[in-house]
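Read the structure below first, then the notes.
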Amino acid sequence: MTTQPMFKPNGDGYDISPAGVILIIAGVVYDEDRATTSRAGIQKFTRLIDDVLSAARANGYPHEDILRTLLARNESGPRMMQMMQAACDAAGSAIMDTVIGRMKQKEN
């Protein structure tokens, strides 16, 4: 499996793939220095990650537990990128659209 670029320059910034978005969210959730993120923000982002990985598992992605462990360890690299891409592909575009939409919503 080849990994698609998660971050592609577009002239004004970057186009970010769904897998790239989830990795950024995971970086916020699992980073040791997350003092700048509110508790509500951490909970919201954790739910988003859970939703994607649960949808991936429901659609046949077999490595959810391994991917969760890598995320919790805040590991990165080609293996993580390939696994996240495969999980997002398995989750499907509908769940990814829902997750991205919820990211834009403000907490009440």
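When a residue number appears, it is its place in the shown sequence, counting from 1. Just so you know, these numbers come straight off a predicted model, no measurement behind them.
Going from atom CE of Met84 over to atom CG of Leu71 covers 4.5 Å, rounded to the nearest 0.5 Å. The CD atom of Gln82 lies 12.0 Å from the CG atom of Leu67; values are rounded to the nearest 0.5 Å. Rounding to the nearest 0.5 angstrom, the gap separating the CG atom in Asn59 from the CD1 atom in Ile95 is 9.5 Å. One finds the OH atom of Tyr30 at 5.5 Å from the OG1 atom of Thr46 (value rounded to the nearest 0.5 Å). Ile25 CD1 to Ile22 CD1: the interatomic distance, rounded to the nearest 0.5 Å, is 4.0 Å. Note that CG of Asp89 and OG of Ser17 are 9.0 Å apart. Values are rounded to the nearest 0.5 Å.
When the salt bridge (Lys or Arg N to Asp or Glu O under 4.0 Å) test is applied to Arg39, no partner is found at least two apart in sequence or on another chain. For Phe45, there are no ring-ring contact (aromatic ring centres under 6.0 Å, His included) partners two or more places apart in sequence or in a different chain. Under the rule for a side-chain contact (heavy atoms from CB on, under 4.5 Å), Ser76 has no partner lying at least two apart in sequence or in another chain. Residues passing the side-chain hydrogen bond (donor to acceptor under 3.5 Å, both in side chains) test with Asp15 are Asn10, sequence neighbours excluded.
Listed by first and then second residue, the salt bridge (charged side-chain N to carboxylate O under 4.0 Å, His left out) pairs that reach into residues 52-65 are Arg57-Glu64, Glu64-Arg68, sequence neighbours excluded. Listed by first then second residue, pairs satisfying ring-ring contact (aromatic ring centres under 6.0 Å, His included) with a partner in residues 57-77 read Tyr61-His63, not counting sequence neighbours.
Between Ile66 and Met83, the shortest heavy-atom distance links the atoms CG2-CE, 3.6 Å. Across all their heavy atoms, Ala87 and Ala56 have their closest contact at O-CB, 3.3 Å. Taking all atoms of both residues into account, the shortest heavy-atom contact from Ile49 to Ala26 is CD1-CA, 3.7 Å.
Side-chain contact check for Ile16 versus Lys8: every heavy-atom pair is 4.5 Å or farther apart. Contact annotation: the side chain of Asn74 never approaches that of Val29 to less than 4.5 Å [non-hydrogen atoms, C-beta and beyond].
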